[in-house]
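Hydrogens, waters and symmetry mates play no part in the numbers below; they use all other heavy atoms, side chains included. This one's a predicted model, so the numbers in the text were calculated from it and none came from an experiment.
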Amino acid sequence: MPFLLPSDYLVWLLVFSVGAFAFYSGRRPHLAAPWARVFRGRAAMAASVVLCAYLLVGLLDSLHYRPKLPPAEPGAPAVYSVEVHSLLDRLLTPLRTHLEKTYSAPLATRLYQKEQLESADGGLRRDFPRLRYGGAHLENESERGRDIALRALAGGAVGLIAWIVCVALGRRTLVRRWPGAAWSSAAAALAVVLPLSGVAAGLATGYHVLGTDRVGTDVLYQALKSIRTSLVIGTLTTLVLLPLGVGAGIAAGYFKRRVDDAVQYVYTTLSSIPAVLLIAASVLMVQVYVDTHPALFPTSAQRADFRLLSLCAILGAVGWTSLARLVRGESLKLAELDYVQAAHAFGVTHTRVLARHILPNVAHIIVITLVLEFSSLVLAEAVLSYIGVGVDPSTISFGTMINAARLEMARDPMVWWSLAAAFVFMLALVLAANLFADAVRDGFDPRVRIGPAGGAGT
Amino acid sequence: MRRARCLAFGALLALAACGVVWNDPYPADEAGKNILYTAFIDRPKHLDPVQSYAEDEGRFIQQIYEPPLQYHYLKLPYELVPLTATQLPKPIELEGGRFTRYEIRIRPGIRYQPHPAFVEANRHLAPRVIARLKTPYALPLGTRELTAEDYIYQIKRLAHPRLHSPIFGLMAQYILGLDGFAGTLQRADARPDAWLDLRPFPLEGVELVDRYRFRVTLKGRYPQFVYWLAMPFFAPVPWEAEQFYQQPGMAARNFTLDWWPVGTGPFMLAENNPNARMVLVRNPHFRGEPYPSEGSRADRAAGLLADAGRTMPFLDRVVFSREKESIPYWNKFLQGYYDSSAIPSDTFDRAVRIAVGGEVGLTPEMRDRDIRLSTSVDISIIYLGFNWLDATVGGASNRARKLRQAISIAVDWEEYISIFLNGRGRVAHDPLAPGIFGQRSGRAGINPVTHVWKNGRAERRPIAQARRLLAEAGYPDGRDRETGQPLVLVLDTVGRGPGDKPRFDWFRRQFAKLAIQLEIRDTDWNRFQEKIRKGSQQLYILGWNADYPDPENFLFLLNGQQSRAGKQGENSSNYVNAEYDALFDRMKNMPNSSERQEIIDRMVDIVRRDAPWLWGFHPVTYELSQSWLLNDKPNNMARNNLKYLRVNVERRTGLRREWNQPVLWPLVAIFALLAAAVLPAMAIYRRRERMAARSA
Amino acid sequence: MLAYIVRRALYAIPILIGINLVTFALFFLVNTPDDMARMQLGVKRETPEAIEKWKAQRGYDRPLLWNAAAPGVKKLTETIFFAKSVRLFALDFGRAEDNRDIAREISTRMWPSLALALPVFLVGLAVNVTFALGMAFFRGSALDLWGVIVCVTLMSISTLFYIIGGQYLIAKLWRLVPISGYAGGLDAVRFLILPVIIGVVGGLGAGARLYRTLFLEEMGKDYVRTARAKGLAERVVMFRHVLKNAMIPILTGVVVVIPSLFLGSLITESFFGIPGLGSYTIDAIQAQDFAVVRVMVFIGSVLYILGLMLTDISYTLVDPRVRFD
């Protein structure tokens with residue numbers, strides 16, 4: 001039974017509106033031109049391939065449903081589980097359900113911790129027990145090296161084939177349609193992403209590619225699930241940030257006087273409060289609300305989702321001030337321009353002037369700010385979760401992963417794989433986002449300069 | 001220029017070569033002194049003996065304040081011995097048991113630590129003197145002899161209108177007249193800023209006999225009262241201290257009795273910075289107490305009796321450093337900068353190896369460093385309770401009982417202890433902690449609902465039996481037989497942060513074994529308390545840390561009279577069973593005897609069958625101590641342990657130096673890397689300058 | 001000038017009132033006085049009477065905003081809001097829930113925070129400017145490209161990784177500095193080396209990249225081209241003209257954070273056990289000691305507003321064309 005969470009709706013709403021906007025601007029050369037400039041950059045093209053890969057995972061993870069339970073007796077009405085799964089969970093079923101008892105190293109066949117084992121003659125000895133799933137198909141553990149190599153090769157080969165197919169398809173369609181973009185670097189990035197995913201998938205059929213955590217959950221699975229959380233926080237926040245920032249900024253810059261005073265008062269007040277404290281207080285408040293209204297959130301997935309969404313809303317409500325300030329500055333300038341003044345003289349309504357002249361001319365600021373915000377939001381999530389005011393503890397996110405992994409560093413021999421996985425996956429995402437943001441900034445307006453976004457955190 | 005840099009670097013290397021340690025966190029002038037180093041994690045909230053209840057506060061104030069009694073440092077089971085009293089007080093029954101009287105006689109000649117409060121002039125200071133005071137000890141110091149009146153003063157303070165004693169409610173039930181006394185004081189407390197002298201107000205149940213003797217009269221019988229006499233709630237507080245600290249301007253400088261204790265114990269608090277460092281120094285007026293000379297054979301073998309009869313304390317100073325994060329704490333212990341440490345569960349594997357047969361030993365790495373390990377079972381229990389008021393899991397119906405029993409089998413605490421505690425826990429079979437009278441061990445002590453005795457050890461019943469019980473309860477395969485809906489249970493717990501996820505996953509998996517779906521509601525402490533208070537929770541996790549080693553202190557947690565939702569008691573499950581309650585009333589005031597054991601056995605049987613709790617586990621403390629720390633034995637009751645400890649300072653100095661030689665090659669490598677980055681820069685720079693010159 | 005400062009200070013008052021209202025609303029919606037009492041009274045054996053007593057003693061037994069029962073002006077003043085928030089304006093911070101004086105606590109904890117934040121700020125600024133200047137000087141070369149790559153990578157790594165990694169390598173494996181802790185006076189240096197390094201490296205990416213664009217922008221200006229055309233050496237152009245002029249936006253840009261240095265850093269301080277205001281705030285959040293959190297919010301806002309004023313003033317100092325109007 002499909003069971004879309006509120007954040008799913010919002011994610012898809014965002015996807016469709018971005019798609020519609022892309023289609024709309026594709027028809028208008030003055031809107032398409034900056035994007036064409038963006039995609040001419042080699043780094044931007046490679047980065048967008050990586051971002052697309054992340055996006056794909058995130059979108060798959062945004063289609064939730066409640067699995068049907070096996071009927072208790074034939075003919076009984078269908079009953080659905082209260083657990084909520086996503087399409088990604090379905091795809092990754094072996095990773096999700098193959099739970100070990102506790103830690104195991106990447107590609108290991110045995111647990112990371114010794115246990116009391118009963119040997120054949122009934123005596124007790126202490127040894128590393130075999131894993132329930134990781135490498136369980138091996139009769140003899142000495143074959144492990146060969147088996148891993150074979151699976152990796154097979155996976156890599158499939159990835160390579162997929163790459164060839166993609167390149168061939170792309171050459172026929174995309175390259176012909178938009179010849180200007182830096183397709184070669186996109187192909188190069190794909191040449192890394194696809195075979196790597198192939199190798200990982202190949203190995204994941206028999207092993208825990210990135211090991212398991214304290215309760216034996218696959219770390220690769222966690223890393224993949226974290227992607228959605230990051231994307232949701234990085235993108236949905238804009239749904240709050242955008243209307244507030246743009247609306248207040250334009251209103252202040254265009255109408256001036258009282259409106260300007262009021263907007264300035266509100267954003268100076270808000271931005272004067274240390275962001276972390278404001279976020280902490282708001283998150284605590286949301287939690288109290290959830291706790292006092294259990295009936296509204298029957299499943300833990302809904303509760304976690306609500307907390308995630310409110311975190312987005314709070315981050316948006318805290319973060320709109322910088323956008324508003326930029327937009328206000330730009331609108332102030334625009335309102336003084338001759339043709340705007342002329343429009344006033346001709347008696348054109350405010351709405352029309354705003355829609356025709358002001359809004360389109362601050363659009364570049366909006367796009368640049370949003371793209372820049374993305375990476376700082378992803379980083380902020382990790383820090384907030386560390387302080388305990390981030391996402392719900394049951395939500396898998398990079399922040400919760402780092403937090404859990406932090407303590408494992410003290411183990412000896414060290415449990416490094418959780419932290420390493422979070423590090424690599426997060427670095428790839430933020431790095432790609434930053435490179436892309438750079439290109440967007442250069443493409444849209446080389447003159448606009450925006451300071452380091454003051455994300456919540458340190 | 002380059003030569004100078006080389007020289008500086010050479011000097012660094014030379015310094016390292018002669019064994020200079022770079023990472024010593026303590027000031028250089030403390031080196032080689034008779035100081036014990038240890039850490040504290042949370043800042044203490046109260047150091048006033050009438051308010052302080054938390055264990056981590058006890059670590060400070062129990063070294064400073066001396067109640068009449070204490071626990072013997074070495075003996076197990078726990079035994080009370082006199083501290084400032086001359087002997088253990090015996091209860092005397094009056095009017096056929098309507099009242100009980102205890103007479104306590106204290107030793108003469110005990111003197112307080114040096115403190116400004118004992119100098120008359122200091123109790124009437126000018127405000128500007130107070131405003132300039134850095135520490136109370138900057139004033140002229142005095143002392144005086146401890147008298148019985150100081151004990152009475154503290155008992156009166158339990159009812160002080162401006163203080164919140166956590167045990168006031170309990171004591172008001174027993175100490176004659178304490179209840180009304182609170183009202184008297186409330187009315188007398190007219191000026192909230194001034195000192196309220198409690199001496200003129202008589203308290204019926206407490207009576208001064210002479211300078212060294214006082215009597216306490218209780219309503220009815222309460223044999224557990226002597227245990228309270230070993231807690232700081234009954235330690236002496238001199239009235240001078242209250243008057244001293246109540247002077248206007250003191251509180252604004254954080255000079256309060258809550259932060260600057262005044263006691264008769266072996267140590268006094270000299271430096272008070274709860275954010276970073278607390279320092280205890282030896283009380284020069286301490287009377288001197290001999291080290292205990294009785295102990296078990298194991299104690300003797302462990303060298304714990306080597307100092308028998310010698311005068312305590314042995315240490316000059318104890319430095320507590322604040323250590324909030326567990327990783328620095330553990331690493332500093334390994335570097336030798338802490339003398340003892342509890343083992344964080346994440347570093348457990350590194351330190352401890354469990355040998356075949358289950359006995360615990362240290363890893364070779366630890367043994368190379370001569371680190372010692374001691375373990376002790378805490379007098380506490382962590383349990384998962386069912387709410388008796390809940391329609392699904394609560395109540396005495398057969399259906400609910402079978403459901404509870406099925407879950408009791410399914411939740412595998414053995415695995416929990418192994419994953420999350422690295423074996424530092426003992427599975428509980430009933431509420432009583434090991435070492436408490438009435439608790440049975442071995443075959444007789446297993447819970448027949450969840451375990452069977454096999455091959456000489458307790459083994460959890462197979463999950464199939466749990467499934468059968470679940471089916472009998474009306475939920476075959478975890479589905480309600482009538483509606484076909486899956487059974488969903490809700491567990492309320494207090495979150496400790498994002499690190500909780502594995503624990504929650506684990507609990508979900510335990511219930512999933514029975515195809516029961518578990519919803520975990522993770523809330524903050526307040527919200528959790530509120531739910532428990534209203535009785536609106538279904539399943540919950542809580543712990544209980546006993547006040548004293550008596551079965552009453554555990555079994556009352558299931559007494560119907562203590563119901564949390566109805567009567568604001570400590571029975572959070574709101575469990576009621578008339579037979580159990582009747583037995584409890586008989587058991588609670590009995591001396592330990594075979595008759596008492598029999599009653600306890602019957603009570604335990606009842607609650608095992610009813611299964612209002614999953615019995616959970618008793619945490620075990622593993623403590624590591626460095627080889628230079630002597631006389632160290634964990635004792636869950638005797639928290640005034642610092643006076644017993646001794647440090648071999650020379651050994652510590654030597655080993656610390658050996659363990660902390662800095663590794664220098666990374667510095668060399670970083671310099672080399674920087675140099676490597678500069679070279680191409682120089683090359684490009686030269687080329688550009690040349691080109692600029694040419695084009696010009 | 002003075003009149004301007006006075007006017008700005010007056011303008012800050014409504015903002016501070018707004019801040020107070022926002023924080024007050026947030027904290028009291030979250031936590032009722034009952035909650036606070038229970039939180040502070042501890043785990044075992046708390047009774048309703050004890051909670052009432054606790055509330056009465058700390059003044060939480062009054063109505064929140066409007067006391068209808070009280071006469072006259074006291075309708076406004078005999079409220080929790082007045083007692084807890086308005087008094088902040090008189091710098092009367094009151095006591096934490098554990099009964100320690102907050103003002104005193106802040107005055108002692110400010111110095112460790114500053115001892116960490118000031119070096120991070122100054123060294124960080126110097127390192128960022130140097131790095132950026134280097135990249136701008138070698139613009140277009142491989143060094144510039146690698147510099148930018150390093151910057152983007154550095155800014156893509158979460159602060160948490162810097163701290164965890166730094167502590168593990170430098171303090172644990174190499175034993176070069178104490179792993180955590182703090183001491184007053186000169187001794188503090190040993191404890192501060194590692195957090196300062198981490199703070200500087202953590203801020204390097206974003207800072208250096210921003211300054212590089214500033215430098216490049218400055219280098220595109222006409223006067224620089226003229227200077228070059230006159231045959232001045234590149235080195236001279238860079239230092240005498242570009243650096244000097246680009247420092248103006250850089251310095252005016254960082255002025256705003258200077259007062260806030262007193263607040264310290266939340267995460268670094270708790271990881272390294274530095275008893276500053278940052279770890280004070282974290283402790284308070286975790287212990288739900290809202291008296292402290294409220295004061296910290298207030299102080300943080302005051303310092304930020306101070307920073308804004310300093311920024312304005314610094315603009316006029318470097319650019320005489322800007323006038324106070």
With only heavy atoms counted, which part of Ile19(C) is less than 4.5 Å from chain A, the side chain, the backbone, both or neither?
->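 For Ile19(C), heavy atoms of backbone and side chain both lie under 4.5 Å from chain A.
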
Measuring heavy-atom distances to chain A, does Ile305(C) have an atom under 4.5 Å in its side chain, in its backbone, in both, or in neither?
->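 Contact with chain A involves the side chain of Ile305(C) alone.
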
Side chains of residues 196-211 of chain C: which donor-acceptor partners sit under 3.5 Å, not counting sequence neighbours?
{"residue": "Arg209(C)", "atom": "NH1", "partner": "Asp438(A)", "partner atom": "OD1", "Å": "2.5"}
{"residue": "Arg209(C)", "atom": "NH1", "partner": "Asp438(A)", "partner atom": "OD2", "Å": "2.5"}
{"residue": "Arg209(C)", "atom": "NH2", "partner": "Asp438(A)", "partner atom": "OD1", "Å": "3.4"}

Using only heavy-atom distances, determine whether the side chains of Asn434(A) and Ser156(C) contain a donor-acceptor pair under 3.5 Å.
->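 Judged by distance alone, the side chains do pair up.
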
Have Ser230(A) and Glu381(A) got a donor and an acceptor in their side chains that come within less than 3.5 Å?
->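 No, because no side-chain N or O of Ser230(A) sits under 3.5 Å from a partner of the opposite role on Glu381(A).
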
Tell me, side chain or backbone of Ala382(A) under 4.5 Å from chain C's heavy atoms, or both, or neither?
->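 Both parts, backbone and side chain.
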
Are more than 12 heavy atoms from other residues, nucleotides or ligands located less than 6.0 Å from atom CZ of Arg139(C)?
->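 Yes, the 6.0 Å shell around CZ holds more than 12 heavy atoms from other groups.
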
When [options] are compared by non-hydrogen pairs under 4.5 Å with chain C, the top option:
options: Tyr289(A), Phe423(A), Phe398(A); result: Phe423(A)
options: Val389(A), Thr268(A), Val430(A); result: Val430(A)
options: Leu270(A), Leu435(A), Ile273(A), Val266(A); result: Ile273(A)
options: Ser271(A), Ser375(A), Ala433(A), Ala43(A); result: Ser271(A)

Just by modelled atom types, is the Val297(C) backbone N or O under 3.5 Å from a matching donor or acceptor in the Ser301(C) side chain?
->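 Flag set: sc Ser301(C) to bb Val297(C) pair under 3.5 Å.
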
Could you tell me whether the side chain of Tyr304(C) and the main chain of Val256(C) form a donor-acceptor pair under 3.5 Å?
->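 Such a contact is absent between Tyr304(C) side chain and Val256(C) backbone.
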
Winner by heavy-atom pair count (cut-off under 4.5 Å) against chain A, out of Leu16(C), Leu308(C), Thr281(C), Val152(C) =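 Of Leu16(C), Leu308(C), Thr281(C), Val152(C), Val152(C) has the most heavy-atom pairs under 4.5 Å with chain A.
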
